[in-house]
S.K.: 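For reference, the structure I am asking about is given below.
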Amino acid sequence: MRTIRVCQTDDLADQGKLVVEVGDLQIGVFRLGDEFFAWKNRCPHQGGPVCQGRIYNKVFEKIDAEQKSRGRDYDAGVTHIVCPWHGLEFDIRTGKFAGASDKDIMNLDGYPTQVQDGEVYVLV
Ligand code: FES
């Protein structure tokens, strides 16, 4: 396993991302608060560049006691990347497909990250 320096921590804003090339690999590195996550830039659906998608907090529908919709809202605690090819969403913290988070059938492939002395590293 190789340790690859990606950037300085300050180079990524909260909910920011950076796609880097490591040999034949493209890896998306994401920042959520003080945590960093790294995912292969290949969507498990049909191979799209998932890490180049837009970042949103999870959207959920508000349902009242009578089971009627009261509109949509954002979950500030769950952040998704949206694949630009067909719009499937993945949790940036876990890499899990948002449409079936209880199953491991279609999740992102990830890499460990390390932060040391203000530098972000990915272990490939
Ligand atoms: S290739 Fe990513 S959603 Fe289809």
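Order of appearance sets the numbers: ligands from 1, and atoms from 1 within every ligand. The model shown is predicted, which means the values in this text are computed figures rather than measured ones.
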S.K.: Do you reckon Leu108 sits in the same ILVMFWY cluster as Ile55, going by side-chain contacts under 4.5 Å, direct or chained?
M.R.: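 Yes; Ile55 is reachable from Leu108 via cluster members.
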
S.K.: In sequence, state the C-alpha distance, the side-chain angles, and the governing distance for Phe60 and Val78, and then conclude on side chain to side chain contact (heavy atoms under 4.5 Å, CB included).
M.R.: CA-CA 11 Å; Phe60 66 93; Val78 181; over 6 Å; no

S.K.: Considering only heavy atoms from C-beta outward, does the side chain of Arg2 approach that of Val22 to under 4.5 Å?
M.R.: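 Yes - at least one pair of side-chain heavy atoms lies under 4.5 Å apart.
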
S.K.: What atoms in ligand 1 come closer than 4.0 Å to a heavy atom of Cys83?
M.R.: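 Once the distances to Cys83 are compared, the set is 1 (S), 2 (Fe), 3 (S).
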
S.K.: Counting from 1, what ligand 1 atoms have a heavy atom of Gly48 closer than 4.0 Å?
M.R.: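 Near Gly48, the atoms of ligand 1 are 1 (S).
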
S.K.: Would you check if atom 4 (Fe) of ligand 1 lies under 2.8 Å from any N, O or S atom of Cys43?
M.R.: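 Coordinating: no.
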
S.K.: Is His86 close enough that one of its N/O/S atoms sits under 2.8 Å from atom 2 (Fe) of ligand 1?
M.R.: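 For His86, the answer is no, given that no N, O or S atom comes within less than 2.8 Å of atom 2 (Fe) of ligand 1.
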
S.K.: How long is the straight-line distance from OG1 of Thr9 back to CD of Glu119, given to the nearest 0.5 Å?
M.R.: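 Answer for the CD-OG1 pair, Glu119 versus Thr9, is 7.5 Å.
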
S.K.: Does His45 bring an N, O or S atom to within less than 2.8 Å of atom 4 (Fe) of ligand 1?
M.R.: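 Checking atom 4 (Fe) of ligand 1 against His45, an N, O or S atom does fall under 2.8 Å.
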
S.K.: At less than 4.0 angstrom from any non-hydrogen atom of Gln46, what atoms of ligand 1 do you find?
M.R.: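 Those qualifying, in numeric order: 1 (S).
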
S.K.: Please work out whether the ring planes of Phe97 and Phe90 are parallel, tilted or perpendicular, with thresholds of 30° and 60°.
M.R.: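 Phe97 vs Phe90 ring planes: tilted.
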
S.K.: Do Lys17 and Val29 have side chains that approach each other closer than 4.5 Å (heavy atoms only, starting at C-beta)?
M.R.: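 SC-SC contact between Lys17 and Val29 ruled out.
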
S.K.: Find all atoms of ligand 1 within a distance of less than 4.0 Å from any non-hydrogen atom belonging to Trp85, and give their numbers and elements.
M.R.: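 Listed by number with element: 1 (S).
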
